[in-house]
Colleague: 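Got a structure for you, questions after.
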Amino acid sequence: MLRIPACGLTEEQGRATPFASRLSIAELIKHAARCERGWTALVPRRSGCYEPATGETD
């Protein structure tokens, strides 16, 4: 969903913070990606379906 507002922006435009918020479009996308990775790692562990890959630790 955040990719749509970022479509066609240059790297400089994506990093700009033109409003009162300190967050740029690029930072919002990074934040959303980190949150999504966290949730996708957490949900299987909580449901009991998670089996760590070789060499992975909890």
Side-chain angles (χ1 to χ4, degrees):
M1 178 176 9
L2 288 173
R3 289 184 184 187
I4 293 170
C7 184
L9 295 180
T10 65
E11 186 172 340
E12 182 179 338
Q13 290 170 326
R15 293 181 187 276
T17 55
F19 301 104
S21 173
R22 297 182 331 199
L23 293 176
S24 66
I25 294 291
E27 290 167 341
L28 287 169
I29 291 171
K30 287 178 189 177
H31 173 74
R34 282 192 301 265
C35 290
E36 187 173 313
R37 280 193 299 271
W39 277 107
T40 57
L42 178 67
V43 170
R45 290 178 187 190
R46 289 225 172 144
S47 67
C49 308
Y50 179 75
E51 293 181 22
T54 304
E56 184 178 322
T57 61
D58 268 347

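When a residue number appears, it is its place in the shown sequence, counting from 1.
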Colleague: Identify the heavy atoms of Gln13 and Thr10 that sit nearest to each other, and give their distance.
Modeller: OE1-N, 2.8 Å
Colleague: Would you find a donor on one side and an acceptor on the other, under 3.5 Å apart, between the side chain of Ser24 and the backbone of Gly14?
Modeller: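 Between the backbone of Gly14 and the side chain of Ser24 there is a qualifying donor-acceptor contact (under 3.5 Å).
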Colleague: Tell me the salt bridge (charged side-chain N to carboxylate O under 4.0 Å, His left out) pairs involving residues 15-31, sequence neighbours left out?
Modeller: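 Every salt bridge (charged side-chain N to carboxylate O under 4.0 Å, His left out) pair that includes a residue of residues 15-31, provided the two are not neighbours, is Glu11-Arg15.
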Colleague: Taking all atoms of both residues into account, what is the closest heavy-atom pair of Leu28 and Leu23, and its distance?
Modeller: CD2-CD1, 3.5 Å
